[in-house]
Protein chains: 2
Amino acid sequence: MEEAPWLDDDETKTWLALVSMLIRLPAALDAQLQRDAGLSHFEYQVLAGLSMSPGRTLRMSTLARFADSSLPRLSQVVARFEKRGWVRRGPDPDDGRYTLATMTDEGFAKVAAAAPGHVSEVRRLVFDSLTKAQQRQLQSIGDRVIHTIDPDGACPATIADAALGVGDS
Amino acid sequence: MEEAPWLDDDETKTWLALVSMLIRLPAALDAQLQRDAGLSHFEYQVLAGLSMSPGRTLRMSTLARFADSSLPRLSQVVARFEKRGWVRRGPDPDDGRYTLATMTDEGFAKVAAAAPGHVSEVRRLVFDSLTKAQQRQLQSIGDRVIHTIDPDGACPATIADAALGVGDS
DNA sequence: CGAAATCACTTGCACCGTTAACTGATCGCC
DNA sequence: GGCGATCAGTTAACGGTGCAAGTGATTTCG
């Protein structure tokens, strides 16, 4: 713990920039989604995950991992969605312990309506400011940090690959 | 809004990696600080800002900008700190509308005890995984994103420079 | 000089998220 | 086959955060 007591000047600036981005970017995305669609970023992520899955159906636990969510948190959000008619829940025929969440047409319409504005904001705040090289660096940096935090935990992209059939390689 | 309807495959992967980092990195930092010092990352940021300022004193509004915080949020946290004897509050002699928050020796001892473990975790999760070039890229990426979100808003680093006398040029 | 407007901050209320205890369903072991 | 253990998910209680209204101090302008 005594190896490297403090950050040097460059590291401090990098760190302050990262922390600020860590706070402001989610806040900005939440603000846009709340304003234009009445959705939090987390709610959007849940709907997006369901909309991309085959049959628009996913086990709650799989959806929770995809959305970086605890199970209680997801349970409450899905309960709200069910009340609004965006999602239906039922036991998994293969294993009664699992619960399958299925997105309705109304839910799909909701996320389809919200997506363009959100993607546009993501482009505006992130991709438009960055060079192609920086985008590659950003992905690499993100992958490394995530892997350090959770070495054997599947990242959302992997879950997307495995459960949703999205992506390649 | 119709300019670029969707993200391509590379952009999607970059985006998923960034979103995951946006969620997991703050969670990991909170977990370490909570475990080892009983502090949230936000509380640490407030204490760190005060500890670095001249006279360990700062106006509430300046501290709020530094910590990316709303004023009510900061007010409650500082009220808790005051109750624990880590901070004292009083009106600014120059302008009675401002409130000066001053860190006590006990508060300084608290943040000084928490800092090494936190910095060590920051190193472990971020800097140790990254090359020097990636660190430079990360700072540049963060600066650009922050500036896009808030073009004329001062970033914490700038506030640190101006109000705390930290850093250079 | 005094009243209205503005500014910095604090308080009250509603909502959201985490934690711990609980319900149902399946698996392991005898 | 039946009992305990484990797993998936829900529910209830607590703490924290954002928003709107309120307080106190200062500036502005007639």
Side-chain angles (χ1 to χ4, degrees), chain A residues 22-24 26-35 38-47 50 57-84 87-102 159 163, chain B residues 22-24 26-35 38-47 50 57-84 87-102 159 163:
Chain A
L22 249 39
I23 294 171
R24 295 186 183 204
L29 295 172
D30 270 326
Q32 181 273 325
L33 279 168
Q34 199 62 249
R35 177 167 45 81
L39 255 39
S40 71
H41 182 250
F42 174 66
E43 292 172 323
Y44 178 84
Q45 220 170 349
V46 171
L47 293 177
L50 272 179
T57 297
L58 232 42
R59 290 177 172 176
M60 291 290 285
S61 38
T62 306
L63 186 54
R65 287 211 319 283
F66 173 79
D68 277 311
S69 164
S70 65
L71 221 30
R73 184 182 182 189
L74 179 64
S75 184
Q76 289 181 338
V77 167
V78 170
R80 281 204 300 274
F81 287 167
E82 202 170 24
K83 215 166 289 180
R84 296 183 208 174
V87 172
R88 284 192 315 269
R89 274 185 293 190
D92 187 338
D94 296 349
D95 187 333
R97 289 176 298 186
Y98 290 94
T99 298
L100 294 180
T102 302
I159 296 170
Chain B
L22 249 38
I23 293 172
R24 295 187 182 201
L29 295 171
D30 271 326
Q32 182 273 325
L33 279 168
Q34 199 62 248
R35 176 167 45 81
L39 253 40
S40 71
H41 183 249
F42 174 66
E43 290 173 324
Y44 178 84
Q45 219 170 352
V46 170
L47 291 178
L50 271 179
T57 298
L58 232 42
R59 291 176 171 176
M60 291 290 284
S61 39
T62 306
L63 186 54
R65 287 210 319 282
F66 172 79
D68 277 310
S69 164
S70 64
L71 221 28
R73 184 182 182 188
L74 178 64
S75 184
Q76 288 181 337
V77 168
V78 170
R80 283 202 300 274
F81 287 167
E82 203 170 23
K83 215 165 290 176
R84 298 183 208 173
V87 172
R88 282 193 316 269
R89 275 184 292 189
D92 187 338
D94 296 348
D95 188 333
R97 288 175 300 183
Y98 290 93
T99 298
L100 294 179
T102 301
I159 297 170

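Naming convention: chains lettered A, B, ... in sequence-line order (proteins, then strands); numbering from 1 in each chain.
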Distance, rounded to the nearest Å, where F81(B) contributes CZ and dC9(C) contributes C1': 18 Å
Separation of dC16(C) atom P from L39(A) atom CG, nearest Å, is 12 Å
Mind checking if D92(A) touches a base, just sugar-phosphate, or nothing, with heavy atoms under 4.0 Å? nothing
Counting side-chain heavy atoms from CB outward, which of dC9(C), dT18(C), dA20(D) is closest to P72(B)? dA20(D)
Measure the spacing between CG of D95(B) and CZ of R59(B) and express it to the nearest 0.5 Å. 6.5 Å
Interatomic distance, CG@L63(B) vs OG1@T99(B), rounded to 0.5 Å, equals 11.5 Å
Of the candidate nucleotides dT10(D), dG12(C), dA12(D), which contains the atom at the shortest distance from the side chain of S75(A)? dT10(D)
Nearest-Å distance for atom pair CZ/P, residues R80(A) and dT11(D): 13 Å
Could you tell me the separation between the CG atom of D94(A) and the P atom of dA8(D), rounded to a whole number of Å? 15 Å
Nearest to the side chain of Q76(B) - dT17(D), dT18(C), dA8(C)? dT17(D)
Side-chain N or O of R97(A) less than 4.0 angstrom from OP1 or OP2 on dC7(D)? no
Please tell me if R89(B) has a side-chain N or O lying less than 4.0 Å from either OP1 or OP2 of dT10(C). yes
Under 4.0 Å between a side-chain N/O of S61(A) and OP1 or OP2 of dG9(D), yes or no? yes
The side chain of D95(B) is closest to which nucleotide in this list: dT10(C), dT26(D), dT26(C)? dT26(D)
Locate the shortest heavy-atom distance separating A67(B) from V46(B); write the atom from each residue and the value. CB-CG2, 4.2 Å
Nearest-Å distance, CZ (R73(B)) to C1' (dC16(C))? 13 Å
If you assign G96(A) and L74(B) each to the DNA chain C nucleotide with the nearest heavy atom, which residue ends up on the more 5' nucleotide? L74(B)
Atom CZ of R65(A) and atom P of dA8(D) are separated, to the nearest Å, by 10 Å
Taken to the nearest 0.5 Å, the spacing of F81(A) CZ from L47(A) CG works out to 4.0 Å
Under 4.0 Å from OP1 or OP2 of dC16(C): is there any side-chain N or O of S40(A) that close? no
Between dT11(C) atom C1' and M60(B) atom CE, what is the distance in whole Å? 13 Å
Rounding to a whole Å, what distance do you find between L100(B):CG and dC9(C):P? 9 Å
Less than 4.0 angstrom between a side-chain N/O of S70(A) and OP1 or OP2 of dT18(C), yes or no? yes
Going through the checks in order, is the side-chain contact (heavy atoms from CB on, under 4.5 Å) test met by V77(A) and R80(A)? CA-CA 5 Å; V77(A) 167; R80(A) 281 204 300 274; 3.5 Å; yes
Non-hydrogen atoms of H41(B) and D30(B) that approach each other most closely: N-OD1, 2.6 Å
At 4.0 Å (heavy atoms only), tell me whether P91(B) reaches a base, stays on the sugar-phosphate, or touches nothing. nothing
Can you identify which nucleotide, out of dT17(D), dT10(C), dA12(D), has its nearest atom closest to the T99(B) side chain? dT10(C)
